[in-house]
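No hydrogens, no waters, no symmetry mates; every other heavy atom, side chains included, goes into these values. Along the sequence shown, residues are numbered consecutively beginning with 1.
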Amino acid sequence: MNTISLWRRGFKGDLITIAVMVTLAVICFHFMPSNLSFFTRIIAIMLLVLAIDLVTGFTGIATLGHAALYGAGAYAAGIAAAKFGINDPVLMLLIGIVAGALMGLLSSLVILRGHGLSQLVLSIAVVQLAREAANRFSTWTGGSDGLAGIAPAPLFGMWRFDLWGRTSYWLAVALLIITFILLRQIIRSPFGKLCQAIRQDPVRVRAMGAPVYLTQVKMYVISGAVAGLGGALSAVATKVVGLDSLSFELSAEAVVMLVLGGTANLYGALIGSAVFMWFEHTMSTINPYHWLTIVGALLVAIVLFAPRGLTGLAESLWARMMKGAFK
C-alpha cells in the first residue's frame, strides 16, 4: 500500500508539473512571440543541466565536461543533415540521442577512473579533447567556421521550421516534458534509488554486493542521451553547430545553473537554467559592460543565503509558512 500511495502521489505531482509547463509555454508563446528562439535555446540548455543533475546530483560524479556529450549530439545531428541528407527532425534527434549516449559511455570509462578532484580534471580533459577533435576534422564539422547547411524538413511533414521559431519551440516544449517525466520515473525506480545510495556511501553499497561501477556507467549513458538530445535540438532549431557547443565554458555555466537551482531534484535544473539565462539575457541588454559583475553578485548571494539553491529556498519558505499556519 505504501508503494502504491507513493506512486499515486508522484503521479499527481507529475500531472501538476505538466500542467505548469504547458501553461508557462502557452503564456510565453502568446505574450513573448519575439523570444521563441531564445526560449528554445533555454530548453536545450535545460536538457544539458538535467543530464548533469543525473550524474552529479543523484549519483555523485563530479564533472565539468558535459558539453562533450551535448556537442556530440549537436554535431551528430548536424552532420547527418548536412553531409548525408538526413533531414527528418525526428531522425536527427534520435541520432543526437545515440551519439550523446555513446559519448557518455566513452567519457564514463575515462572519468570514473578518478575520484573527486581527479574526476573534474579528467572531465575537463574530455571536453577539451572533444573540442580539439571537432576543430581538427573541419571537413566534417566546419571547424572554427561552424557546421552550416542544416535544413530540417517539416516536422511530421506538416510543420515547417520557420524564422519565428514556432515549430522548434513547441518541439522543444514537448521534448522537455517527455524527458522530464521519463527521468522522474528513472529516479523513482530501484535503479535510481541505487544511484542515490552510491552518491551517499559508495563503499557501503559496494560492500553489500551492488555493482557500483556498472551502475555509474549506466547513469552516465542515460545522462549522455539526455545531453545529446539537447544538442540535437539546438542543431535542429538553429540550423548551425559551432565549437561553442563543445566548450568548457558551456559545461561550467551548466554546472552553475544546477547549483543555482538546486541539485538532486530535477526541478532545480529547470529553474536554475531559466533564471540564469533570463537574468543573463536581461542584464547583458541593460548593462552590456558590467552584466557579468551583476550575474556574479547574484550567484554569490545564492550560495551564501540559499546553499541548497532556489528550490531549497522555496522549500524552506513553504515549510515555514505551513508551520506558521498550523500554530
Side-chain angles (χ1 to χ4, degrees), residues 1-14 17 47-66 68-69 97-98 100-126 179-229 251 254-255 258-259 261-270 272 307-309 311-312 315 319:
M1 290 297 293
N2 290 334
T3 303
I4 295 176
S5 62
L6 286 173
W7 182 85
R8 286 176 178 172
R9 185 170 58 185
F11 182 70
K12 291 179 181 178
D14 291 344
T17 301
L47 293 171
L48 171 60
V49 180
L50 282 171
I52 297 176
D53 199 15
L54 291 177
V55 297
T56 300
F58 288 99
T59 316
I61 303 171
T63 177
L64 280 171
H66 247 58
L69 287 59
I97 291 173
V98 173
L102 289 176
M103 180 59 76
L105 175 61
L106 295 176
S107 298
S108 68
L109 298 179
V110 175
I111 294 172
L112 293 179
R113 293 294 179 182
H115 301 279
L117 290 176
S118 60
Q119 282 185 342
L120 290 177
V121 174
L122 289 172
S123 66
I124 294 172
V126 166
T179 302
F180 185 81
I181 297 304
L182 289 177
L183 293 184
R184 289 273 288 173
Q185 301 308 314
I186 291 174
I187 295 305
R188 295 192 191 112
S189 69
F191 170 76
K193 298 301 182 183
L194 177 59
C195 289
Q196 295 173 59
I198 292 172
R199 179 199 63 193
Q200 295 174 0
D201 195 340
V203 176
R204 178 176 295 181
V205 173
R206 189 178 291 110
M208 295 172 61
V212 173
Y213 179 77
L214 182 59
T215 302
Q216 291 175 323
V217 170
K218 288 180 180 178
M219 182 57 90
Y220 222 102
V221 171
I222 296 173
S223 174
V226 176
L229 175 62
S251 293
V255 172
L258 179 59
V259 173
T263 61
N265 59 23
L266 296 183
Y267 292 102
L270 304 183
R308 293 193 298 135
T311 54
E315 289 174 358

Undergrad: Grab the two heavy atoms, one from A264 and one from D53, that are nearest each other, plus how far apart they are.
TA: N-OD1, 2.9 Å
Undergrad: Is there a side-chain contact between N265 and I187 (heavy atoms, below 4.5 Å)?
TA: no
Undergrad: What residues form a side-chain hydrogen bond (donor to acceptor under 3.5 Å, both in side chains) with T263, not counting sequence neighbours?
TA: none
Undergrad: My understanding is that only residues two or more places apart in sequence, or in another chain, count here; which of them pass side-chain hydrogen bond (donor to acceptor under 3.5 Å, both in side chains) with T56?
TA: none
Undergrad: Report yes if the side chains of D14 and R188 come closer than 4.5 Å at any heavy-atom pair, otherwise no.
TA: yes
Undergrad: Under 3.5 Å, sequence neighbours excluded: what are the donor-acceptor pairs made by side chains of residues 197-207?
TA:
residue : atom : partner : partner atom : Å
R199    : NH1  : G57     : O            : 2.7
D201    : OD1  : V203    : N            : 3.4
D201    : OD1  : R204    : N            : 3.2

Undergrad: Rounded to the nearest 0.5 Å, what's the gap from CG on L112 to CD1 on I61? Could you check?
TA: 5.0 Å
Undergrad: Holding to side-chain hydrogen bond (donor to acceptor under 3.5 Å, both in side chains), I want the full list of residues that pass it with E315, two or more places apart in sequence or in another chain.
TA: R308
Undergrad: Is the backbone N or O of F58 less than 3.5 Å from a side-chain atom of Q196, with the two atoms forming a donor-acceptor pair by type?
TA: no
Undergrad: Where do Y267 and F180 land on the ring-ring contact (aromatic ring centres under 6.0 Å, His included) test, with the steps shown first?
TA: CA-CA 9 Å; Y267 292 102; F180 185 81; 5.2 Å; yes
Undergrad: For V110, give me all partners under side-chain contact (heavy atoms from CB on, under 4.5 Å), at least two apart in sequence or on another chain.
TA: L122, V126
Undergrad: In the structure I gave you, are the side-chain heavy atoms of R184 and T17 within less than 4.5 Å of one another anywhere?
TA: no
Undergrad: With rounding to the nearest 0.5 angstrom, report the CG to CG distance, L69 to L106.
TA: 9.5 Å
Undergrad: Check for a donor-acceptor pair, side chain of S223 on one end and backbone N or O of M219 on the other, with a separation under 3.5 Å.
TA: no
Undergrad: Give a yes-or-no answer on whether the side chains of Y220 and T59 include a donor-acceptor pair shorter than 3.5 Å.
TA: no
Undergrad: Could you give the distance from CD1 (I181) to CD1 (I186), rounded to the nearest 0.5 Å?
TA: 12.0 Å
Undergrad: Which heavy atom of L194 sits nearest a heavy atom of A210, and at what distance?
TA: CD1-CB, 3.9 Å
Undergrad: Of all heavy-atom pairs between H66 and A51, which one has the smallest distance, and what is that distance?
TA: NE2-O, 3.7 Å
Undergrad: How about L214: does its CG atom have over 12 heavy atoms from other parts shown lying under 6.0 Å from it?
TA: yes
Undergrad: Can you measure from CD1 (I222) to CG (L105) and round to the nearest 0.5 angstrom?
TA: 12.0 Å
Undergrad: I'd like to check the side-chain contact (heavy atoms from CB on, under 4.5 Å) partners of L64; sequence neighbours left out, ordered by chain and number.
TA: L120, S123, I124, F248, V255
